[in-house]
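First comes the structure, then the notes that go with it.
If you're wondering where the values come from, they're calculated on a predicted model, not measured in any experiment. This chain uses plain numbering: 1 for the first residue, then up along the sequence.
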Amino acid sequence: MRSTAPSLINIESPSVAAAETMTLQEMQVSSIQIVSGARLLTVGFDVNLADVAALMSGAQLSLVLVCDVSGSVAGVISDTMLIHRLGLGSPRILGERAAGSGQRAANIMARDFKACCQTDSLVEVLAAMHSRGLIHVPILDTDNRPSGVVYARDGLRALLAAGNAEEAQLIDYVTGIGYR
């Protein structure tokens, strides 16, 4: 990682199915690109906080990346940050939405956040997230442009799927299934 400013139905996503063919240690962040890319939500500096809240709620995501005009990530806004800010003056801020004024994304975004890249080890990223108490981390390229967001639950599901596949292969090997 680098530093920068319940459903009971078991449906496997393509990224989880692909993870089953890899060993745990060789899995990279890119192995969950399909799901991490789908969790990417970006806004510009001037987007009103009430609009940010509506976007996050509609997409059911808990992290939005604030990007500059070139598409580089300048900061992040989590649902917790947004709830805290909107909760401090909700009627005023929501009323300002209609008037076209009020708090903007750039006013509350965290400029110091942790990020990773596609080639980072998924195991190492999840371990770093756990040690820092993070539930999501942006995936950035070398130009600081976003390509997705790692949510801990997605990474853990992929590792679990890969671990289950390794276990099944070992059982098959020990019992001689498919090796005659």
Note, P146 side chain near T42 side chain (heavy atom, < 4.5 Å): yes

Approximate separation, where rounding is to 0.5 Å, of R104 CZ and M109 CE: 14.0 Å

Minimum side-chain heavy-atom gap D141-S147 below 4.5 Å: no

Closest non-hydrogen atom pair, V76 against M81: O-CE, 3.6 Å

Distance, nearest 0.5 Å, that separates OG of S131 from CG of L126: 11.0 Å

Distance in Å, L63 CG paired with L40 CG, rounded so as to fall on 0.5 Å steps: 9.5 Å

Validation row: L55, V64 side chains within 4.5 angstrom (heavy atoms): no

Donor-acceptor contact below 3.5 Å, side chain D143 vs main chain R145: no

Minimum heavy-atom distance between M56 and D79, given as atom pair plus value: CE-N, 3.5 Å

Reported CG-to-CD1 distance for the pair L65 and I139, which is rounded to 0.5 angstrom: 10.0 Å

Stepwise side chain to side chain contact (heavy atoms under 4.5 Å, CB included) test for V52 and L82: CA-CA 8 Å; V52 171; L82 192 59; 4.0 Å; yes

Stepwise side chain to side chain contact (heavy atoms under 4.5 Å, CB included) check, I135 with Y151: CA-CA 6 Å; I135 58 171; Y151 277 65; 5.9 Å; no

Test item: Q118 side-chain N/O and Q33 main-chain N/O as donor-acceptor pair under 3.5 Å: no

Side chain to side chain contact (heavy atoms under 4.5 Å, CB included) assessment of L122 paired with Q28: CA-CA 5 Å; L122 184 59; Q28 295 181 337; over 6 Å; no

Residue pair V149, S36: steps toward the side chain to side chain contact (heavy atoms under 4.5 Å, CB included) verdict: CA-CA 5 Å; V149 176; S36 65; 5.7 Å; no

Test item: R39 side-chain N/O and S62 main-chain N/O as donor-acceptor pair under 3.5 Å: no

I108 side, atom CD1; I77 side, atom CD1 - distance, nearest 0.5 Å: 4.5 Å

CD on E124 to SG on C116, rounded to 0.5 Å: 11.5 Å

